[in-house]
Every structure is written in C-alpha cells, then in structure tokens.
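In listed order, ligands and their atoms are each counted from 1. Basis for what follows: all heavy atoms, side chains included, without hydrogens, waters or symmetry-related copies.
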Amino acid sequence: MATLFDTRRYLSNFDAARTGHVFTDVLVIGSGVAGARAALEAAHYADVTLISKRTMEDTTTRWAQGGVAAVTAEVDSPARHREDTLGVGCGLNHPAAVELTVREGPTEIQRLLDWGLRFDESADGFALTREGGHKMPRVLHAYGDATGRALTDTLVRKLRAEPRIRGFEDCFVIDLLTTDEGCVGAVTYHEKYGHQLVWAKTTILAGGGCGRLYRETTNPELATGDAVAMAYRAGTRLRDLEMIQFHPTTLYIAGSSRALISEAVRGEGAWLVDRNGQRFMTAFHPDGELAPRDVVSRAIAITLAQTQATSVFLDVRHIPKKDFVKRFPYITESCAEFGIDVSRDLIPVRPAAHYMIGGIVTDLGARTTVPRLYACGECTSTGLHGANRLASNSLLEGLVFGRIAGETAGRAAAAQPAPAGPTALHSATPPSPKTRLDLADVGLSLRSLMWRNVGIERHGDRLQETVEIIEFWTRFVLDKVFDTPEGWEVQNMLTVGRLIAGSALRREESRGAHFRSDYPGTNDQAPPQHMDLRRSSDGPVFEPTAVGSAS
Ligand SMILES: Cc1cc2nc3c(=O)[nH]c(=O)nc-3n(C[C@H](O)[C@H](O)[C@H](O)COP(=O)(O)OP(=O)(O)OC[C@H]3O[C@@H](n4cnc5c(N)ncnc54)[C@H](O)[C@@H]3O)c2cc1C
C-alpha cells in the first residue's frame with residue numbers, strides 16, 4: 001500500500017525560479033573519511049563544493065578508536081586480509097570489491113603518512129593490533145585509541161588548504177535534485193542563507209550511517225541516515241539494509257552516552273566475564289573474545305538473559321596498568337569519569353548499534369544506479385563487508401572508495417557539460433491541517449521500537465508490527481513540511497527505519513549480523529542473496545538478487 005514514504009519526492013518546498021542558486025563541478029555531501037578523501041581526489045580534476053551538516057570536523061569518523069585495517073607487516077599479505085574479510089562476511093561479499101580494497105589499502109596508508117598522519121609505532125615498525133575476525137595483528141592506530149581524531153585532523157587540514165575545495169559547513173542537505181539527466185545537485189538549508197539549490201555536474205554522497213535509529217548506539221547524534229533516505233527518494237537501488245552491526249562492548253552506565261570500548265581492548269587481551277566473574281566466550285566460539293562481532297553480541301545477549309543481569313563486564317586487571325593507559329588513554333579516562341579504575345574494577349558493558357553494513361548500491365567505480373550520482377563510505381553497499389563487517393575495515397573502505405569516487409566523479413565532471421541548470425523544478429506540498437508534533441518524542445519512540453524489535457535478535461511477527469507502527473506514524477510526520485534539520489532528520493529516520501524493518505522481515509534466514517529467532521539457521525539450500533530494494537509509487541519493491549550479479 002502506498003504511503004507518504006512513496007509519494008513524497010522532496011521533504012521541503014522550493015521553486016527554482018525563486019530560490020538562491022550555487023553552481024559547482026563536483027558536489028560532495030559529507031566531510032567524514034569518505035567525503036574528505038573523495039573531495040581531495042576530485043579536486044585534481046574539477047572544482048569541488050563540500051557540504052557538511054555540522055563543522056567539517058564533527059563526523060562519526062572523528063569517534064573511531066580501534067584504527068584502520070591494512071596490510072603493512074611483512075608476514076601479512078592482501079590475500080590474508082582478503083580471507084579474513086570474506087571469513088566474517090558470510091557469503092555476501094563481492095570478491096572484486098574485497099580484492100580492490102585490500103590491495104589499495106597500503107597505498108592509502110602511505111598517502112596518509114605523506115600528509116603527516118603519524119600512526120603509533122613499536123620497536124619493529126607500526127604497532128599493530130589484532131581485532132575480532134583478523135587472524136593476525138593488522139590494525140594501525142594513532143594516539144592510542146584516538147585514531148579517528150588524528151585522521152580527521154589530517155584530512156580536514158588538507159581540505160582547508162586546497163584552493164579548489166569550497167566548504168559549506170552547518171549546511172543541511174535536504175534532498176538530492178533529480179531531473180531526466182540524473183542527479184543534478186541538491187536542495188540545501190543554511191540558517192543564514194535559507195534554502196538554496198546547489199547545481200553540480202556530478203554529486204558524491206558520503207553522508208555516513210544511521211546508528212541514531214537505535215536507543216543503544218555508539219554513533220554520534222549526526223548519524224540519522226539522511227544519505228540513505230535521500231538516495232531512496234531519488235530512486236537509487238539500496239541493498240542489505242537489515243545488516244546492522246551491533247558492537248558488543250559499550251560502556252553501560254547511565255549517563256555515559258554508551259561510550260565505545262574498542263574491540264582492540266579484547267585484542268590486547270581483555271576478557272569478557274559475566275556477573276559471577278566467569279569467562280563465557282569460549283563456550284560460544286573457538287576464537288573466544290576475538291570471535292566476530294555478531295557472535296560476541298549474541299553471546300552477550302544470551303548471557304544477560306541467563307544471568308538476569310543488565311550488563312556483562314570487561315576484565316582488564318591482568319593487563320599492566322601503564323600499558324593499558326598508554327594504549328587506551330580515552331577509554332581509561334571515560335571509565336575514570338565514572339569512578340572505574342581499570343586496574344582494579346570490572347568495566348560494565350553491553351552491545352549497541354554501531355555500523356550500517358548495507359546501503360546505497362555502488363559499483364567498483366563508486367557509481368550508484370542514478371546517473372551523475374556517486375557514493376562512498378558507510379552509506380554505501382560496495383560489497384566489501386558482506387553480511388558482517390570485519391573490524392576496522394570501514395575507515396579503510398572510506399579511504400579506498402573515497403579516492404575512487406573522487407576520481408570517477410571528478411573525471412566525469414571535467415568531461416561533461418553542466419546540467420541544464422535552473423529549470424522549472426519545484427516542490428509544493430500543501431500545509432498539513434493535522435496536529436503539531438513533539439518531534440523529540442517521535443525520535444525517542446522510534447529508537448526504542450527499533451532496539452526492541454529490529455535489534456540483535458529479530459522475529460517475523462515483531463518485524464511486521466514494526467513496519468505497521470512506523471507506517472502509522474508516517475501519516476502525521478511525513479505529511480508535514482518542516483523548516484529545521486530536526487524535522488527532516490526525524491522524517492529520514494522514519495524512512496530508513498521502515499526500510500530496515502522491511503528488509504529484515506523479508507530475509508527469512510539468519511546470516512552475519514542479521515539473526516532471526518524464527519529462522520535461526522542460514523539458508524544453505526540456495527546461493528546467498530542480497531536483499532535489494534528500490535522505491536515505487538506502491539511502496540518499496542524488494543528484489544532478492546544473486547551475489548555478484550551486476551549492480
Ligand atoms: C564510536 C565509533 C568507533 C569506531 N571505530 C572504528 C574504527 O576503529 N575503525 C573503523 O574502521 N571504523 C570505526 N567506526 C566506524 C567508522 O568510524 C565509520 O564507519 C566511518 O567513520 C564513516 O565515515 P563516513 O565518511 O562514511 O561518514 P561520517 O564520518 O559519519 O561523516 C558523515 C558526513 O556526512 C555529513 N552529513 C550527513 N547527513 C548530512 C546532511 N543531511 N546534510 C549535510 N551533511 C550531512 C556529516 O555532517 C558528516 O560530515 C567507528 C564508529 C563509531 C561510532
């Protein structure tokens with residue numbers, strides 16, 4: 001049945017004849033690792049406008065702790081990195097995307113070094129950590145657990161120094177503009193300039209993930225799924241949205257904002273224990289604490305139910321304090337703020353939504369299914385992660401596919417004429433006669449619903465109920481024309497929530513990050529399939545697609 005999700009093309013009203021216009025060669029939406037890397041590459045070929053909804057530095061990338069996975073050690077090889085990535089991907093990886101990423105990884109690391117980023121070193125070279133799913137130490141980090149901050153500082157310094165890149169900060173992209181030519185730019189809102197139409201020869205979408213759809217999440221407030229929602233409205237193909245990765249260990253103390261306790265802590269030898277002090281992971285997986293994230297998250301959920309506890313604990317007391325503090329200064333400080341001395345006390349943890357594995361379908365050139373539109377970073381489904389992301393592979397993906405998106409879109413912009421430009425484009429949704437809304441309450445209700453029904457363990461009945469509830473809420477949220485980012489974010493979150501729940505409902509098996517208690521096994525009777533979807537006027541059309549078929 002058609003809902004406002006399916007009939008409403010633009011969230012805001014505008015008229016090209018009356019709105020301010022900006023013209024650029026390449027428009028990049030997002031300043032995280034993917035958007036920044038894309039902009040820096042595109043600037044070799046064309047003029048670039050980079051838009052971020054907050055400051056350029058304020059991204060999910062900035063919060064990354066563990067590091068970047070890449071082959072730098074002599075004993076390691078791209079083949080081993082590829083095997084580990086495929087090993088956790090549960091049959092949904094695209095081998096070509098995996099191969100490309102692991103092979104280009106070392107070049108991207110060298111480029112960061114050339115740009116001044118200093119990764120931590122040991123006596124034998126880089127100080128490498130082994131994280132869950134990696135068969136050997138491979139993860140580079142900087143300032144201990146402040147890798148994201150170091151990476152962001154390096155990239156943003158480059159962005160601000162590049163004369164061909166113009167940054168628009170605190171500027172909200174409401175929607176992608178589309179015509180018969182494909183994507184021709186975006187509709188934006190800035191407190192000072194109001195609505196503007198940014199016309200671009202090519203557009204790169206790098207808007208990040210959607211962790212804020214869940215009550216328990218490691219993601220910062222900006223991760224509201226805007227990129228996926230606007231791509232859906234613009235008609236791109238989306239894939240495997242049901243694959244949400246839950247991070248097993250976030251600090252579970254009221255008021256701690258679910259601070260992440262990096263996987264690297266377990267990589268450095270931490271144990272997971274239950275409320276009775278018993279280690280439990282060895283009963284669930286031969287790799288114990290270093291099992292893939294979905295296995296650890298589910299093991300914790302089961303242990304919590306068995307022990308009737310609200311958290312399990314990380315035990316790092318056997319790791320020399322000076323080593324732990326040096327390696328994890330941020331985590332040590334976060335714990336200390338709540339009176340936890342990591343050398344004496346257990347650290348209470350439980351899982352939280354962490355990473356959007358699926359997203360906008362892109363090919364090896366970062367092209368989406370809409371002409372002139374490219375995408376990279378967490379908002380995409382490149383085929384690298386399959387059904388489960390290998391730890392620390394997402395910063396790597398952002399670097400590799402960011403570079404590719406920048407090159408493909410930059411070259412295309414240099415070679416093709418500008419879009420037809422200010423046309424008769426307009427959007428006019430009549431004012432809604434319905435009641436005013438408590439937007440914050442809608443957001444909170446959605447987060448609780450998603451955590452309860454579309455979290456670590458799912459069931460068909462509850463997924464069906466979730467779709468129905470969200471569609472009901474749509475009737476009085478999607479009919480409104482908001483004039484602030486808070487309203488557009490809630491509309492985007494409802495859109496993405498409905499698509500995640502719908503995809504999870506249709507995948508009638510358990511695979512990777514997606515666990516269905518009514519279908520606890522993986523369907524081995526048929527070749528693995530992606531859950532693709534696209535928009536139609538009758539609602540999302542779900543199209544299971546063979547892995548490896550053309551995007
Ligand atoms: C706590 C934490 C720790 C992590 N640790 C690691 C790690 O150690 N290693 C690893 O590989 N991965 C890690 N990850 C995952 C990784 O950080 C992210 O997947 C990655 O940084 C995403 O990068 P991105 O460029 O795609 O998006 P982001 O960094 O999220 O950037 C998104 C950009 O899009 C902009 N944007 C979004 N919507 C709009 C809009 N409507 N209008 C305008 N601009 C918009 C934002 O302003 C921002 O600039 C971690 C994630 C978290 C939350």
> Is E131 salt-bridged to R138, going by a charged N under 4.0 Å from an acidic O?
Replying inline: no
>> Under 4.0 Å from a heavy atom of S31: which atoms of ligand 1 are those, numbered in the order shown and with their elements?
In response: 33 (C), 48 (C), 49 (O)
> If you measure from atom 53 (C) of ligand 1 to every heavy atom of N219, I261, D226, which option wins on shortest distance?
Replying inline: N219
>> Any atom of ligand 1 sitting under 4.0 Å from a heavy atom of T147?
In response: no
> Who's the nearest protein heavy-atom neighbour of atom 30 (O) of ligand 1, and how far?
Replying inline: T60 OG1, 2.9 Å
> With ring centroids as reference points, do Y214 and F246 lie under 6.0 angstrom apart?
Replying inline: yes
>> Would V33 count as a polar contact of ligand 1, with the cut-off being nitrogen or oxygen pairs under 3.5 Å?
In response: yes
> For ligand 1, is G67 a contact, meaning one of its heavy atoms is under 4.0 Å away?
Replying inline: yes
> Any idea which of C171, P485, A64, S394 brings a heavy atom closest to atom 15 (C) of ligand 1?
Replying inline: S394
>> Within the 4.0 Å heavy-atom shell around Y355, which atoms of ligand 1 are there?
In response: 19 (O)
> Which residue owns the protein heavy atom closest to atom 3 (C) of ligand 1, what's the atom, and how far is it?
Replying inline: L260 CD2, 3.2 Å
> Is C379 touching ligand 1 with its side chain, its backbone, both, or neither, if touching means heavy atoms under 4.0 Å apart?
Replying inline: neither
> Taking both backbone and side-chain atoms of D58, is any N or O found less than 3.5 Å from an N or O belonging to ligand 1?
Replying inline: no
> Do the two ring centres, one from H195 and one from Y189, sit under 6.0 Å apart?
Replying inline: yes
> What's the shortest distance from atom 21 (O) of ligand 1 to any protein heavy atom, and which residue and atom give it?
Replying inline: T61 OG1, 2.8 Å
>> Quick one, K53 and T224 - any side-chain contact, counting heavy atoms below 4.5 Å?
In response: yes
> What residue and atom, counting heavy atoms only, is the protein's closest point to atom 18 (C) of ligand 1, and at what distance?
Replying inline: E378 OE1, 3.3 Å
>> So, regarding L222 and ligand 1 (criterion: nitrogen or oxygen to nitrogen or oxygen, under 3.5 Å), is there a contact or not?
In response: no
> Is the closest basic N to carboxylate O distance between E108 and R111 below 4.0 Å?
Replying inline: yes
> Step by step, would you call E407 with R403 a salt bridge (charged side-chain N to carboxylate O under 4.0 Å, His left out)?
Replying inline: CA-CA 6 Å; E407 182 179 340; R403 185 202 66 71; 2.6 Å; yes
>> Taking the basic N atoms (NZ, or NE/NH1/NH2) and the acidic carboxylate oxygens, is any pair closer than 4.0 Å for R157 and D153?
In response: no
> Between E263 and R293, is a salt bridge (charged side-chain N to carboxylate O under 4.0 Å, His left out) present by the stated rule, with each step listed?
Replying inline: CA-CA 9 Å; E263 186 127 6; R293 287 182 176 172; 2.4 Å; yes
> Hey, is E169 close enough to R160 for a salt bridge, meaning N to O under 4.0 Å?
Replying inline: yes
>> Heavy-atom contact check, 4.0 Å cutoff: does A227 meet ligand 1?
In response: no
> With a 6.0 Å cut-off on ring centres, are H385 and H94 close enough?
Replying inline: no
>> On a heavy-atom basis, which atom in I204 and which in C376 lie closest, and how many Å separate them?
In response: CG2-SG, 3.8 Å
>> To check your reading of the model: name the closest protein heavy atom to atom 25 (O) of ligand 1, its residue, and the distance in Å.
In response: A34 N, 3.0 Å
> Between R327 and E268, is the closest basic N to carboxylate O distance under 4.0 Å?
Replying inline: yes
> Are R367 and D363 close enough for a salt bridge, meaning some N to O gap below 4.0 Å?
Replying inline: yes
>> Starting from atom 52 (C) of ligand 1, what is the nearest protein heavy atom, named by residue and atom, and what distance separates them?
In response: H354 CE1, 3.4 Å
>> Below 4.0 Å from ligand 1: does a non-hydrogen atom of E489 turn up there or not?
In response: no
> R389 near ligand 1, heavy-atom distance under 4.0 Å?
Replying inline: yes
> Does an N or O from C376, backbone or side chain, lie closer than 3.5 Å to an N or O of ligand 1?
Replying inline: no
> When you measure from atom 42 (N) of ligand 1 to every protein heavy atom, which one gives the shortest distance, and what is it?
Replying inline: V173 N, 2.8 Å
> Looking only at protein heavy atoms, which one is nearest to atom 47 (O) of ligand 1, and how far off is it?
Replying inline: K53 N, 3.1 Å
> Any idea which atoms of ligand 1 are less than 4.0 Å away from a heavy-atom of G66?
Replying inline: 7 (C), 8 (O)
> Below 3.5 angstrom, do we get any N/O pair linking M230 and ligand 1?
Replying inline: no
> Quick one: do R82 and E99 make a salt bridge, cutoff under 4.0 Å?
Replying inline: yes
>> I'd like to know whether ligand 1 has S392 as a neighbour, heavy-atom separation below 4.0 Å.
In response: yes
